[in-house]
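Reminder, nothing fancy here: chain letters follow the sequence lines and each chain counts from 1. Just the heavy atoms: all of them, side chains too, but no hydrogens, waters or symmetry mates, feed the values below.
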Number of protein chains: 2
Amino acid sequence: MPTIYQVAERAGVSLSTVSRVLNGKASVNKVLKERVEKAVKELNYRPNSVARSLANNRTDSVGVLVPELNAPFFGDLMQAVESTLRAADKHVIISVGRNCLETEKDAVEFLISRNCDALIMHAEALPDEYLLELNQSKLPVALVNRRVEGLAEACTSLDNEKGGYLATRHLLELGHKDIAYISGPAGKSDAMLRLEGHKRALSEAGLPINPQLIFNGDYSEDDGKIGLLELMARDVPFTALVCANDWMASGAISCARDLGMSLPQDLSIVGFDDVVFAHHVFPRLTTVSNPIAEMAEMSAKYILNKVYGQANNVQLYFEPSLVVRESTVKHEG
Amino acid sequence: MPTIYQVAERAGVSLSTVSRVLNGKASVNKVLKERVEKAVKELNYRPNSVARSLANNRTDSVGVLVPELNAPFFGDLMQAVESTLRAADKHVIISVGRNCLETEKDAVEFLISRNCDALIMHAEALPDEYLLELNQSKLPVALVNRRVEGLAEACTSLDNEKGGYLATRHLLELGHKDIAYISGPAGKSDAMLRLEGHKRALSEAGLPINPQLIFNGDYSEDDGKIGLLELMARDVPFTALVCANDWMASGAISCARDLGMSLPQDLSIVGFDDVVFAHHVFPRLTTVSNPIAEMAEMSAKYILNKVYGQANNVQLYFEPSLVVRESTVKHEG
DNA sequence: AATCAATTAGAAAGCGCTTTCTTATTTTTG
DNA sequence: CAAAAATAAGAAAGCGCTTTCTAATTGATT
């Protein structure tokens with residue numbers, strides 16, 4: 001590996017000059033510049049990014065924290081972040097939080113120890129204060145799909161309440177009146193907002209909110225199944241079901257089928273997120289789209305602006321929209 | 001951020017001594033050692049990994065190349081690599097190849113420029129020679145799910161031929177005699193081997209190999225659909241279909257359903273890979289399991305051995321196994 | 001033509017570590 | 001007990017860059 005010294009030597013200039021043409025910040029005599037460029041090419045010189053980082057205290061890398069690597073939702077997120085950042089020649093260090101406070105803290109520590117210039121996170125367990133502190137203490141933080149008081153400009157978020165509202169409104173418009181709901185975990189604000197939206201839709205339609213028709217799930221496929229069984233055991237009839245994400249919807253669907261129900265006739269089901277497999281399930285899932293890829297891209301652009309002096313437009317708020325497929329059907333009666 | 005100097009000063013020793021206790025390689029007087037440790041704690045000192053990398057020419061990071069980030073198969077791969085490497089305090093820099101030669105080369109260049117200590121790749125387009133050269137030139141390479149002549153010990157691979165064999169044998173055992181096959185792209189050896197296995201099963205059963213029953217797909221969901229349509233248009237009857245991966249199987253299933261077929265009665269379908277959504281599709285997919293996570297883990301361990309002096313056992317060859325679900329059924333007649 | 005300002009190139013310091021080389025101290029040995 | 005060997009701490013060089021500081025050259029100004 002040639003160093004900047006060899007380039008300087010070959011070009012017959014000092015290494016300062018080489019550095020200057022490499023970084024293009026200061027003006028360099030045209031002749032010398034060409035000599036340097038020639039030498040660079042001939043030696044196939046590539047600057048050592050570690051040395052550069054040490055000298056200018058910046059690694060051109062941004063840490064990304066996600067709960068899991070093998071879920072389509074976060075796959076979309078990472079895909080968007082990676083391509084946006086890579087286009088700017090920044091690299092991405094990915095770390096996994098597993099939905100667990102300790103692991104998330106650990107992951108952040110890890111990313112910090114790697115001298116990332118910034119962090120882009122889909123943080124599940126870390127409390128707001130921690131994130132605030134992180135951002136103040138030193139390294140800029142962007143939060144995907146989460147709102148934190150005092151960090152507004154660093155947060156991209158979805159109108160989850162509206163999403164919940166859209167899902168239920170769709171069912172109401174199809175004539176359903178008895179609509180069950182499997183929510184996400186009570187600790188997560190998106191889950192709570194989606195549920196809020198559901199309730200608002202019911203209220204607007206003049207329908208009562210029956211707690212017997214609400215099951216508290218944890219966003220896992222299993223809880224879709226467990227939720228459906230539990231709801232049915234409660235013996236309050238319902239003709240439609242909203243699930244707060246697609247995983248639970250998928251679990252509920254396969255459970256319903258195991259129960260011998262025929263879908264969507266016996267039960268209309270709506271999911272949330274529109275993850276990639278939503279159209280693999282049968283009947284193809286009606287769901288609420290979550291523009292996670294765009295949110296992630298915006299988070300990346302925010303960091304590009306904040307840390308690397310770019311000037312992209314960033315959109316922070318996103319609207320969900322309904323994607324009607326085949327898992328919902330008119331209620332006859 | 002405190003540096004090693006402040007630690008040395010506070011502990012009243014030289015920075016060499018601090019470095020020595022930090023790295024634990026040379027022996028240090030017990031008293032001094034304790035003083036250093038105390039100072040480290042009090043200052044909450046964390047070594048600067050960039051400086052360390054510059055000094056010892058090693059970044060403790062390994063580059064990972066995958067074709068895409070948002071596919072379950074590669075999600076499993078990354079998950080395994082990340083957790084294995086992170087447990088050894090190495091970090092992972094992920095780069096995307098998009099199944100395209102140019103992009104893959106680019107991605108590798110990128111990872112090299114980031115001074116990775118090694119590369120773990122699921123390379124699709126890069127030719128064997130390129131990989132060999134890479135490995136020789138400087139940085140150790142581990143290949144997941146691919147065999148390269150001359151790089152045997154660096155390759156984990158699946159017995160794809162056997163996988164294809166198992167899929168078709170399963171259908172034969174169910175009494176099917178007319179078995180169609182949608183293969184992966186001709187350029188990929190795993191695709192070719194799976195097809196070989198299919199043919200071997202047919203031959204062993206004394207059945208002819210009818211090219212009219214083979215469609216050349218590209219592993220995409222769309223090609224599952226296109227393949228099925230094309231095969232049916234050829235007017236050679238078949239009662240079962242093997243698809244060389246789950247995506248194409250899923251495409252074929254949803255196409256079959258759109259055609260009004262009832263599954264699995266009208267057509268038994270087998271997939272390959274057992275990706276996470278295989279049980280979301282309906283009927284739940286019978287498929288051949290691909291232990292990609294284990295392969296990936298082994299690739300990571302190989303690198304841990306080769307570059308970081310660990311001594312894990314590594315398994316290089318993996319056997320697929322059949323996962324029978326509900327998309328295949330006995331052929332009556 | 002002489003002075004001053006503006007450019008531009010080179011020298012050298014510094015980023016925060018590791019590691020070799022020295023030197024001082026302790027331990028071993030005949 | 002003196003000399004040789006082993007041990008451990010410090011000094012300093014070096015990893016490959018960026019950037020400040022200094023010096024030299026050129027151009028502008030009166």
Side-chain angles (χ1 to χ4, degrees), chain A residues 1-40 43-61 89 91 112-117 138 308-309, chain B residues 1-40 43-61 89 112-117 138-139 308-309:
Chain A
M1 283 272 100
T3 74
I4 198 171
Y5 286 91
Q6 348 250 40
V7 176
E9 193 179 355
R10 186 173 193 111
V13 299
S14 76
L15 82 173
S16 329
T17 303
V18 177
S19 177
R20 280 191 270 258
V21 345
L22 253 30
N23 293 296
K25 303 206 170 180
S27 58
V28 176
N29 179 288
K30 205 178 159 197
V31 178
L32 295 191
K33 187 174 171 185
E34 277 165 5
R35 288 219 315 259
V36 168
E37 281 162 350
K38 184 153 165 276
V40 164
L43 293 171
N44 189 27
Y45 167 77
R46 313 223 145 263
N48 179 321
S49 61
V50 172
R52 178 175 279 180
S53 292
L54 183 60
N56 63 15
N57 197 29
R58 168 216 254 221
T59 58
D60 287 328
S61 71
D89 229 40
H91 71 213
I112 292 175
S113 83
R114 250 51 210 213
N115 298 66
C116 294
D117 296 335
K138 51 197 136 194
Y308 301 112
Chain B
M1 283 274 101
T3 74
I4 199 171
Y5 286 91
Q6 348 252 38
V7 176
E9 193 181 353
R10 185 172 194 112
V13 299
S14 76
L15 82 172
S16 330
T17 303
V18 177
S19 178
R20 280 191 270 257
V21 345
L22 254 30
N23 292 298
K25 302 205 172 181
S27 58
V28 175
N29 180 287
K30 207 177 158 197
V31 179
L32 294 191
K33 187 174 174 188
E34 277 165 7
R35 290 220 313 258
V36 168
E37 281 162 350
K38 183 152 167 278
V40 164
L43 292 170
N44 189 27
Y45 167 76
R46 313 222 145 264
N48 180 323
S49 62
V50 172
R52 176 176 280 180
S53 292
L54 183 60
N56 63 15
N57 198 29
R58 165 217 257 223
T59 58
D60 287 328
S61 71
D89 229 41
I112 292 176
S113 84
R114 249 52 210 216
N115 298 68
C116 294
D117 296 334
K138 51 197 135 194
L139 91 163
Y308 301 113

**Request:** Provide the closest heavy-atom pair for B:Val21 versus B:Glu37 in the form atom of the first, atom of the second, distance.
**Result:** CG2-CG, 4.5 Å
Once you round it to whole Å, what is the distance between [atom2] of [N] and [atom1] of [X]?
| X | N | atom1 | atom2 | value |
| --- | --- | --- | --- | --- |
| B:Met1 | C:dC17 | CE | P | 10 Å |
| B:Leu15 | C:dC17 | CG | C1' | 8 Å |
| B:Glu9 | C:dG16 | CD | P | 14 Å |
| A:Asp60 | D:dG16 | CG | P | 19 Å |
| B:Arg52 | D:dG14 | CZ | P | 22 Å |
| A:Asn56 | C:dG14 | CG | C1' | 13 Å |
| A:Lys25 | C:dT8 | NZ | P | 18 Å |
| A:Asn115 | D:dC17 | CG | P | 18 Å |

**Message:** Can you tell me which residue among B:Val28, B:Leu15, B:Leu32 is in a side chain to side chain contact (heavy atoms under 4.5 Å, CB included) with B:Arg20?
**Reply:** B:Val28
Distance (rounded to the nearest 0.5 Å) between [X] [atom1] and [Y] [atom2]:
| X | Y | atom1 | atom2 | result |
| --- | --- | --- | --- | --- |
| B:Asn23 | B:Arg52 | CG | CZ | 5.0 Å |
| A:Glu9 | A:Gln6 | CD | CD | 7.0 Å |
| A:Asp60 | A:Cys116 | CG | SG | 11.0 Å |

What's [X] touching, base or sugar-phosphate or nothing? Going by heavy atoms closer than 4.0 Å.
| X | answer |
| --- | --- |
| A:Leu32 | sugar-phosphate |
| A:Asn48 | sugar-phosphate |
| B:Val50 | nothing |

Return the nearest nucleotide to the side chain of [X]; candidates are [options].
| X | options | answer |
| --- | --- | --- |
| B:Thr3 | D:dT18, C:dG16, D:dA12 | C:dG16 |
| B:Ala51 | D:dC17, C:dG16, C:dT18 | C:dG16 |
| B:Arg20 | C:dA9, D:dA12, D:dG10 | D:dG10 |
| B:Ile4 | D:dG10, D:dC17, C:dT18 | C:dT18 |
| A:Ala55 | D:dA9, C:dC17, C:dG14 | C:dG14 |
| B:Asn29 | D:dT19, D:dA8, C:dG16 | D:dA8 |
| A:Asn23 | C:dC17, D:dT18, C:dG16 | D:dT18 |

Output yes when at least one side-chain N/O atom of [X] is less than 4.0 Å from OP1 or OP2 of [N], else no.
| X | N | result |
| --- | --- | --- |
| A:Ser19 | D:dT18 | yes |
| A:Ser27 | C:dT8 | yes |
| B:Tyr5 | C:dG14 | no |

**Prompt:** Under 3.5 Å, is there a donor-acceptor pair between the A:Ser16 and A:Ser19 side chains?
**Reply:** no
**Request:** Assign each of B:Thr17 and B:Leu54 to its nearest nucleotide of DNA chain D by heavy atoms, then name whichever residue's nucleotide is nearer the 5' end.
**Result:** B:Thr17
